[in-house]
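Notes for the one structure printed next.
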Amino acid sequence: MAEGIRCHAFRTQPRDQLFNKAFPFFRIPEEYGYFSQDSRRQFRSDRSQIRFYVPPANINRVNYDLTHGWSNFIRKDEDKKEYLDDLIKWVVENKMKFQIKTTKTKDADQDTQSQSITSLNTDFVCWRGLLTRLLCTQYESRDGWIIAVTLFKGTYYLCEFETEEKKHQRDTTTERQDQICYGGWKFEQYLTSDVEGGSPDTSVPVNNNEGFCSVVRTRLNKHSLVFGGEVDCVDPTLSSKNKYVELKTSREMDNPRQRENFHRYKLIKWWAQSFLVGIEKIICGFRDDDGIVHRLEEFPTLKIPDMVKGIRNPWNAAVCFNFLDKFLDFVKQTVTTDDPRVVYVCRWQPRQDVNCEKMAPNSEFVFLPDWFTHDEVWG
């Protein structure tokens with residue numbers, strides 16, 4: 001692996017002294033756009049893959065076999081590196097949304113799609129999963145991360161890369177672990193339809209190439225962010241503006257220790273993932289050891305931080321967002337070369353500081369494709 005020039009280190013400890021402060025300003029996330037990924041994992045600039053929530057008659061009396069259809073599972077190619085490709089395809093198709101509206105542009109009598117734009121007027125572009133990882137960092141005790149950053153035309157693009165530990169975990173996944181992951185996608189089949197008012201169809205093979213992504217714009221203190229994240233389904237009956245619903249599965253809890261671990265390790269990730277895009281409702285199916293879900297439970301996203309206060313040494317939502325805010329400050333201070341061929345690589349391991357290297361031009365960490373950075377796109 002190519003070596004870079006050590007830039008700076010970002011302190012992560014002591015946690016309470018550095019990040020246990022008032023919750024920072026975070027603007028309510030608003031959907032900026034959307035796109036689909038079809039059965040062959042091809043980008044589609046439409047809502048074709050959106051799913052609709054179909055609630056059961058009784059959430060306490062269901063019988064969902066999450067192993068059903070396992071042998072027909074159509075898998076996404078996990079070895080194919082997707083980087084930010086689909087997200088920036090959406091950006092290219094929607095460049096004019098990033099234009100700062102002025103009196104001149106409002107009054108101009110011309111097709112706005114033909115106008116050029118030289119900047120996105122946005123600080124950060126990335127996937128929602130990367131931000132979720134950062135929000136959970138201060139309470140993560142096992143998994144490190146690698147985040148590559150490229151500054152291009154004034155915008156910082158962030159892309160996560162696999163650590164060696166993650167690669168090893170993926171290469172040594174057992175069939176049982178694989179089947180549990182499959183169960184999460186199968187669970188979505190039991191509760192969704194491809195048409196509003198329709199019924200679930202669990203006879204078709206699960207295909208995890210398919211997805212529907214919401215693109216969100218928000219602000220954290222002085223940082224403007226645009227990010228994409230896959231959403232499970234929409235519930236048209238919700239009264240809120242954001243009608244997306246997150247679907248999760250978890251093993252049924254049999255004792256206090258399992259309940260504490262659930263609150264400590266799972267709920268923080270569920271909360272971070274949903275809060276970032278403004279999802280207000282998470283529905284969990286609790287499965288037994290045979291992969292059968294017998295009951296569902298609803299978790300209101302905004303109430304989750306209060307739910308965990310009863311556990312020993314609970315996680316703190318303000319710490320999560322203050323860490324993210326300061327990390328983005330660090331990126332702006334450290335990443336100074338505006339060149340798509342130059343990547344800064346940030347690495348973190350539990351209980352250590354974040355270390356950042358400036359890689360040589362055209363290193364193996366370059367992730368913005370030529371078709372995106374070409375002058376014709378930004379002319």
Side-chain angles (χ1 to χ4, degrees), residues 4-27 29 83-84 87 120 122-152 154-163 166 216-229 268-269 271-277 305 315-338 342-359 365 367-368:
I5 302 171
R6 174 78 175 272
C7 293
H8 298 283
F10 171 59
R11 287 183 60 203
T12 66
Q13 301 294 328
R15 179 173 66 206
D16 287 344
Q17 181 181 323
L18 293 172
F19 309 111
N20 193 5
K21 307 179 190 312
F23 200 100
F25 170 77
F26 182 66
R27 191 172 63 201
Y83 302 121
L84 302 185
L87 180 58
L120 296 184
T122 300
D123 294 330
F124 295 95
V125 171
C126 62
W127 288 113
R128 184 260 313 266
L130 181 147
L131 297 177
T132 300
R133 178 110 37 218
L134 287 169
L135 285 176
C136 297
T137 292
Q138 282 294 300
Y139 298 98
E140 177 58 60
S141 59
R142 293 189 305 176
D143 297 329
W145 47 251
I146 297 173
I147 292 176
V149 187
T150 291
L151 177 59
F152 175 60
T155 294
Y156 300 87
Y157 294 83
L158 279 64
C159 182
E160 187 169 7
F161 280 71
E162 267 192 326
T163 62
K166 276 290 183 185
V216 169
R217 189 175 186 93
T218 188
R219 175 172 289 274
L220 174 59
N221 273 343
K222 61 177 179 279
H223 310 300
S224 58
L225 301 103
V226 169
F227 50 92
I268 185 174
K269 294 175 182 176
W271 162 79
Q273 183 184 45
S274 292
F275 188 78
L276 278 168
V277 293
W315 53 268
N316 183 330
V319 168
C320 297
F321 267 86
N322 281 316
F323 175 84
L324 175 59
D325 179 44
K326 297 305 179 187
F327 176 78
L328 297 180
D329 280 341
F330 170 75
V331 168
K332 285 182 175 179
Q333 293 162 7
T334 307
V335 179
T336 56
T337 301
D338 194 314
V342 175
V343 179
Y344 293 69
V345 176
C346 298
R347 292 181 172 88
W348 175 81
Q349 288 292 327
R351 293 172 293 278
Q352 296 182 18
D353 291 338
V354 175
N355 290 310
C356 183
E357 290 178 296
K358 180 181 180 181
M359 310 307 291
F365 287 99
F367 59 87
L368 290 180

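Heavy atoms only: backbone and side chains are in, while hydrogens, waters and symmetry mates are out.
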State, yes or no, whether a side-chain contact exists between Val331 and Phe124 at a heavy-atom distance under 4.5 Å.
-> yes
Are Leu87 and Val125 close enough that some pair of their side-chain heavy atoms sits under 4.5 Å apart?
-> yes
pair Ile147-Val354: side-chain heavy atoms closer than 4.5 Å | no
Could you pull out all residues at least two apart from Asp143 that satisfy salt bridge (charged side-chain N to carboxylate O under 4.0 Å, His left out)?
-> Lys166
Aromatic ring pairing Phe323/Phe10, orientation class (parallel under 30°, perpendicular over 60°, tilted between) = tilted
Please round to the nearest 0.5 Å and tell me the distance separating atom OG1 of Thr155 and atom CG of Asp338.
-> 8.5 Å
Quick one: does Tyr344's side chain have a donor or acceptor within less than 3.5 Å of a partner on Thr337's backbone?
-> yes
For Val226 and Arg217, the nearest pair of non-hydrogen atoms, with its separation, is CG2-NH1, 3.1 Å
For Phe321, the option from Phe26, Phe25, Trp315, Phe327 that meets ring-ring contact (aromatic ring centres under 6.0 Å, His included) = Phe26
Grab the two heavy atoms, one from Lys269 and one from Thr132, that are nearest each other, plus how far apart they are.
-> O-CG2, 4.0 Å
Minimum heavy-atom distance Asp353-Arg11, with the two atoms named = OD1-CA, 3.5 Å
Between Ile268 and Tyr139, what is the shortest heavy-atom contact and its length?
-> CD1-CD1, 3.8 Å
Heavy-atom side-chain proximity of Phe227 to Leu130 below 4.5 angstrom = no
When rounded to the nearest 0.5 Å, the distance separating CE of Met359 from CZ of Phe365 is 5.5 Å
If we only count heavy atoms from C-beta on, is the Glu160 to Trp127 side-chain gap below 4.5 Å?
-> no
Starting at CZ of Arg128, measure out to CZ of Phe275 and round the result to the nearest 0.5 Å.
-> 13.5 Å
Between the main-chain N or O of Leu18 and the side-chain N or O of Asn322, is there a donor-acceptor pair closer than 3.5 Å?
-> no
Lys/Arg N to Asp/Glu carboxylate O, Arg347 vs Glu357, below 4.0 Å | yes
Atom pair OH/CZ of Tyr83 and Phe367 - distance to nearest 0.5 Å | 10.0 Å
With distance as the sole test, does Thr218 use its side chain to make a donor-acceptor pair with the main-chain N or O of Arg27 at under 3.5 Å?
-> yes
Given the rule in the side-chain contact (heavy atoms from CB on, under 4.5 Å) test, do Val149 and Thr334 qualify, once you have shown the distances and angles that lead to the verdict?
-> CA-CA 10 Å; Val149 187; Thr334 307; over 6 Å; no
Whether Arg133 side chain and Cys136 backbone form a donor-acceptor pair below 3.5 Å = no
Begin from the C-alpha positions of Asn316 and Phe19 and carry the test side-chain contact (heavy atoms from CB on, under 4.5 Å) through to its verdict.
-> CA-CA 10 Å; Asn316 183 330; Phe19 309 111; over 6 Å; no
Taking atom CG of Leu368 and atom OG1 of Thr150, what is their separation to the nearest 0.5 Å?
-> 5.0 Å
Per the side-chain hydrogen bond (donor to acceptor under 3.5 Å, both in side chains) rule, which among Asp123, Thr122, Asp329 passes with His223?
-> Asp329
Would you give the length of the straight line joining atom CD of Glu140 to atom OG1 of Thr12, rounded to the nearest 0.5 angstrom?
-> 12.5 Å
Of all heavy-atom pairs between Leu328 and Leu220, which one has the smallest distance, and what is that distance?
-> CD1-CD2, 4.4 Å
Using the side-chain contact (heavy atoms from CB on, under 4.5 Å) rule, take Gln13 and Gln138 through it: C-alpha gap first, then chi angles, then the decisive distance, then the call.
-> CA-CA 9 Å; Gln13 301 294 328; Gln138 282 294 300; 4.1 Å; yes
Over all heavy atoms of both residues, which pair between Cys346 and Phe330 is shortest? Give the atoms and the distance, please.
-> SG-CE2, 4.3 Å
